[in-house]
Amino acid sequence: MKKLEAFFQQPPFMENDQWTGAVDRYQSLDEFARKVEGHLRRLLSQRQPASLPRFRDWLNNQASLLTANAGPRYTSDAHVETNISQAFDWLLVRQPAIAKLDKALSEVWKHLDRDDAFSVIRADMEQIADALRADMYWQTTPDFPFMLGTLARAEAHAWAEHEMHERAKEQEARNDTWRYREHSLRQAAYMAGEASDLLRNYWSLSQQRVMLLTGPAGQGKTHTLVHEVNQILAAEGIALGVLGQTLSTADTLWDAICRRAGWLGTHDQLLNKLENEAANRNQRALLVMDALNETPDRRRWRNELAGMIQEVLLRPHLALAISVRTDYLKQTLPLLPDGMDAPWVKWEHPGFSGIEPDALLRYFEHHGVKAPVAPPLGEFGNPLYVQLLARSMRGHPLQHWLPSWLEVWRAWMVRLEEDSKDRLSLDNASRPEVMRRTMSKLAQAMLEDGHFNLLRNQADDISREMTGIDGVIAFLCSSGALIDRLENDEDVVEFGFERLSDTFLADRLLAKLFEGKVSKEEKLVVLRTALAPGGDLHPLASSDYVDHPLYFRRAGLLEALCLAVPQCTGAELPTLLPNNDADFRDWELSQAFCDSLRWRCRPEEFGMDGKALRDLWRRYSDRSNPASELDEIIRFALIPGHPFAMEQAIHPRLLAQETPGARDAMWSVNLVPLWRDEHSNLRQLVIWARDANLHDAHADIALPAARLLAWICATSQKGLRLAAMKGLTRLLAACPRVMEAFLPDFLGVNDAYVLEAVLVAVWGVVQDGSDAQAGTLAARQV
């Protein structure tokens with residue numbers, strides 16, 4: 001210590017017994033040692049470049065840091081493959097993308113006739129094949145527009161020839177040769193159409209080399225990007241990633257990225273290094289900038305991102321992936337002049353869409369709980385929700401298969417309290433719910449600070465005051481409740497998930513506001529006042545406060561308040577905002593309110609009766625597509641206890657129609673487009689009932705699902721009707737105890753299609769014989 005003091009008593013720190021000012025600051029000897037080491041490494045790199053770590057080791061170290069910073073957002077042990085990987089294959093021109101296009105083109109070539117009718121198209125296909133053979137790694141972007149034009153002409157010409165061929169001979173003269181050409185023409189048209197779809201979906205990623213990954217909170221954007229970086233490095237590729245929330249505010253964004261990555265040179269040198277390394281491997285390097293919306297002062301990207309993209313695109317072997325939460329796109333991204341194409345390809349993250357059953361099984365197995373037997377609808381496509389639901393259910397079975405977000409949040413907190421007792425020996429009766437109160441105190445401090453994070457030592461002080469022990473923040477970080485990171489060389493902590501953060505922050509805002517208020521009427525008055533001009537919460541009600549800390553989190557806090565306010569006040573949040581009746585579309589409020597309806601189920605979680613709530617929802621929802629609106633109602637219909645549940649909305653309304661024609665006008669005509677949409681709730685329900693393992697299906701889901709499937713059978717589309725009929729039969733056989741409640745309403749329905757489906761399903765239950773009592777009851781009713 002004496003040597004250290006003597007060191008600081010000489011220039012440049014002190015001259016003639018006078019302090020000249022510190023060159024750097026530190027708070028401990030360990031921190032001083034780290035900073036000295038950093039300065040020494042910089043000096044050594046300038047004088048002895050060979051002393052730097054190998055570039056490959058440096059990339060691996062950065063990937064480890066990225067993984068650590070991602071915290072609970074990256075669940076490597078429960079990774080589930082989704083089709084998002086195909087988008088990255090095209091962005092990075094990886095072998096699977098090249099092979100898939102080659103396969104698609106070869107299928108078209110195989111079915112093109114060898115006669116003169118297709119000679120021009122075959123010549124163009126040969127030209128495409130020659131170009132691809134000459135550039136096997138797509139070092140120069142292939143001429144995708146020419147490919148698309150050729151495929152479009154091939155498809156159109158094949159169908160035209162097919163039509164002429166159909167008219168060429170009479171039915172009795174159609175021999176094997178005729179049938180072979182008819183099949184070949186049809187296959188050529190199909191294959192050309194599929195190849196065109198493949199190109200239209202993906203070729204822009206390969207050409208533009210910049211992906212904008214979007215999606216709601218918890219959709220898996222960070223997990224995907226961290227996984228891609230790790231997978232690329234494991235395959236000896238080149239990848240580097242940073243998280244937006246880890247970037248400092250003191251530098252330009254490029255300098256902040258270099259600082260965060262520990263890169264000692266300029267950002268030009270970094271980009272050149274990535275470019276050269278990738279070029280040497282005939283690959284593209286991936287540069288990832290995740291969660292731009294979580295960067296301190298996210299608006300910086302609006303000024304700097306366009307120029308950053310241009311610098312990346314100057315290097316042909318670089319590809320860039322950036323992610324922004326959908327709610328914050330307009331606050332984060334540069335404003336583009338009218339008519340100017342975006343320099344990125346916007347890609348919506350699918351979450352677990354299409355693989356919900358596999359994802360549920362994987363995550364629930366990982367957390368040691370039994371996955372619910374339920375259709376893969378709604379929030380089961382949200383990885384954050386699936387993860388928290390699985391954690392919250394460990395040892396605490398919830399009431400039904402789709403609990404509300406606040407119920408999951410509370411159950412998760414109970415799980416956290418129990419874990420703290422085991423790992424921290426926190427079982428003091430004088431400190432009940434100590435984790436809940438600690439995290440509430442942290443949220444309150446974040447609100448008062450206005451940055452929505454805390455210095456690590458400040459968080460440690462708060463947790464020590466609340467619990468009486470050390471190590472609580474480390475426990476919360478390891479459990480995923482918090483994450484810690486460096487900001488401007490200082491340790492800070494914040495909540496692990498934005499939805500969790502918004503929930504805690506909204507809880508604290510309301511707790512402070514309602515202090516001393518008991519009745520819902522009192523709380524309603526103070527909340528309305530707080531949202532009015534001049535009120536503490538008015539920045540959330542107006543878009544005129546862009547510099548206010550609350551406005552920075554407006555989208556997420558509005559979502560959290562839409563969930564919490566009805567229980568506290570008995571009113572829905574949109575009805576409390578000033579200018580609620582103005583002819584102005586507040587998209588953030590609309591999205592927050594409509595989204596909140598998917599995360600609620602208990603009667604007390606709604607602030608008005610079903611009819612008034614439907615009117616409010618229709619006002620704030622996008623009603624431009626009747627089929628999409630119906631699909632959302634189908635999603636609500638399967639949530640037990642929801643005001644829009646099957647027994648409250650769809651079922652009684654369809655029963656009340658006097659004729660099949662009246663029912664078709666409001667129902668059946670919209671089913672076919674939903675059946676064709678592979679991501680629709682209707683299709684997911686029907687496919688689940690038709691194909692999934694339905695053993696142990698609970699009555700809470702079996703009854704409304706059976707009613708929906710029966711009404712879906714009203715369609716005249718044969719494929720949909722047969723699939724729904726099979727699903728109905730399987731579901732009733734798996735849970736026959738719902739037959740008593742299900743059958744009476746449908747036996748008198750004035751629709752032959754529906755009645756046929758119900759009778760077939762009843763016969764199937766009787767034939768199944770697994771529940772003789774239910775089968776006997778059903779037979780007697782029929």
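This structure is a prediction, so every number in the text was calculated from the model and none was measured.
- Using a 4.5 Å cut-off on side-chain heavy atoms (C-beta onward), Leu416 and Leu476 make contact.
- For the pair Val242 and Asn69, the minimum side-chain heavy-atom distance is 4.5 Å or more.
- Looking at Asp290 and Lys221, no side-chain N of the basic residue comes within less than 4.0 Å of a carboxylate O on the acidic one, giving no salt bridge.
- With Ser440 contributing its side chain and Arg437 its backbone, the two residues share no donor-acceptor pair below 3.5 Å.
- The environment of Asp536 atom CG is sparse: at most 12 non-hydrogen atoms of other residues, nucleotides or ligands sit within 6.0 angstrom.
- When atom types are taken as modelled, the side chain of Ser463 and the backbone of Val472 share no donor-acceptor pair closer than 3.5 angstrom.
- Scanning both residues, Ala571 and Val565, for their nearest heavy atoms gives O-CG1, 3.5 Å.
- Side chain of Thr569 to backbone of Leu524: no donor-acceptor contact under 3.5 angstrom is found.
- Arg554 and Asp586 are joined by a salt bridge, as a carboxylate oxygen and a charged side-chain nitrogen come within less than 4.0 angstrom of each other.
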As a quick check of understanding, evaluate salt bridge (Lys or Arg N to Asp or Glu O under 4.0 Å) for Asp419 and Arg415, giving each step before the final call. CA-CA 6 Å; Asp419 288 346; Arg415 178 77 259 165; 3.2 Å; yes

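- Contact detail for Asn670 and Pro626: the closest heavy-atom pair is OD1-CB, 4.2 Å.
- Contact between Gly610 and Pro643 at its shortest, heavy atoms only, is CA-CB, 4.1 Å.
- With His538 contributing its side chain and Leu531 its backbone, the two residues share a donor-acceptor pair below 3.5 Å.
- The cationic group of Arg553 lies under 6.0 Å from the six-membered ring centre of Phe452 and within 45° of the ring axis, placing it in a cation-pi geometry.
- Within the 4.5 Å cutoff, the side chain of Arg707 has heavy atoms near those of the Asp745 side chain.
- For Glu304, the side chain to side chain contact (heavy atoms under 4.5 Å, CB included) partners are Thr252, Leu253, Arg300, Met308, not counting sequence neighbours.
- Here Arg635 does not pair with Asp631 in a salt bridge; the nearest charged N to carboxylate O distance is not below 4.0 Å.
- Ion pairing of Glu407 with Arg602 is present here, as a side-chain N (NZ or NE/NH1/NH2) and a carboxylate O approach within less than 4.0 Å.
- For the salt bridge (Lys or Arg N to Asp or Glu O under 4.0 Å) condition, no pair includes a residue of residues 440-455, sequence neighbours left out.
- Atom-to-atom distance recorded for Trp405:CH2 and Ser596:OG is 14.0 Å, nearest 0.5 angstrom.
- Gln657 places a side-chain N or O within donor-acceptor distance of the main-chain N or O of Arg653, the cut-off being under 3.5 Å.
- Looking at every heavy atom in both residues, Trp344 comes nearest to Pro334 through CH2-CD, 3.9 Å.
- In this structure, Ile712 and Trp667 have side chains that are in contact, with non-hydrogen atoms separated by less than 4.5 Å.
- Between Pro403 and Leu389 there is a side-chain heavy-atom pair separated by less than 4.5 Å.
- Using a distance-only test at 3.5 Å, with no hydrogens or angles considered, no donor-acceptor pair links the side chain of Arg298 to the main chain of Gly244.
- Between Trp617 and Phe593, the distance separating the two ring centers is not shorter than 6.0 angstrom.
- Cation-pi check for Arg499 over Trp599 is met; the charged atom lies under 6.0 angstrom from the ring centroid and within 45 degrees of its normal.
- Looking at His642, its side chain does come within 3.5 Å of a backbone N or O of Leu597 through a donor-acceptor pair.
- Counting only heavy atoms from C-beta outward, the side chains of Thr326 and Gln219 never approach each other to under 4.5 Å.
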For the pair Leu589 and Glu559, evaluate side chain to side chain contact (heavy atoms under 4.5 Å, CB included) and give the outcome as yes or no after the intermediate values. CA-CA 8 Å; Leu589 175 62; Glu559 287 186 17; over 6 Å; no

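- For the pair Lys330 and Trp587, the minimum side-chain heavy-atom distance is 4.5 Å or more.
- Of the charged side-chain nitrogens involved, at least one lies within less than 4.0 Å of a carboxylate oxygen, so that Asp460 and Arg456 count as a salt-bridged pair.
- By the neighbour-count criterion of 12 heavy atoms within 6.0 Å, atom CD of Glu433 is sparsely surrounded, having that number or fewer from other residues, nucleotides or ligands.
- For Ala649 against Phe644, the heavy-atom pair with the smallest separation is CB-O, 3.9 Å.
- Tested against Asn681, the residues Ile633, Ile634, Leu630 include a single side-chain contact (heavy atoms from CB on, under 4.5 Å) partner, Ile634.
- Residue Arg600 comes nearest to Pro566 through the heavy atom pair NH1-CG, 3.5 Å, listed as atom of the first residue, atom of the second, then distance.
- A salt bridge links Arg598 with Glu632; the closest basic N to acidic carboxylate O contact falls under 4.0 Å.
- When side chains are defined from C-beta on, Glu572 counts as touching Leu616, because their heavy atoms get closer than 4.5 Å.
- A distance-only check finds a donor-acceptor pair linking the side chain of Asn293 to the backbone of Arg325 [under 3.5 Å].
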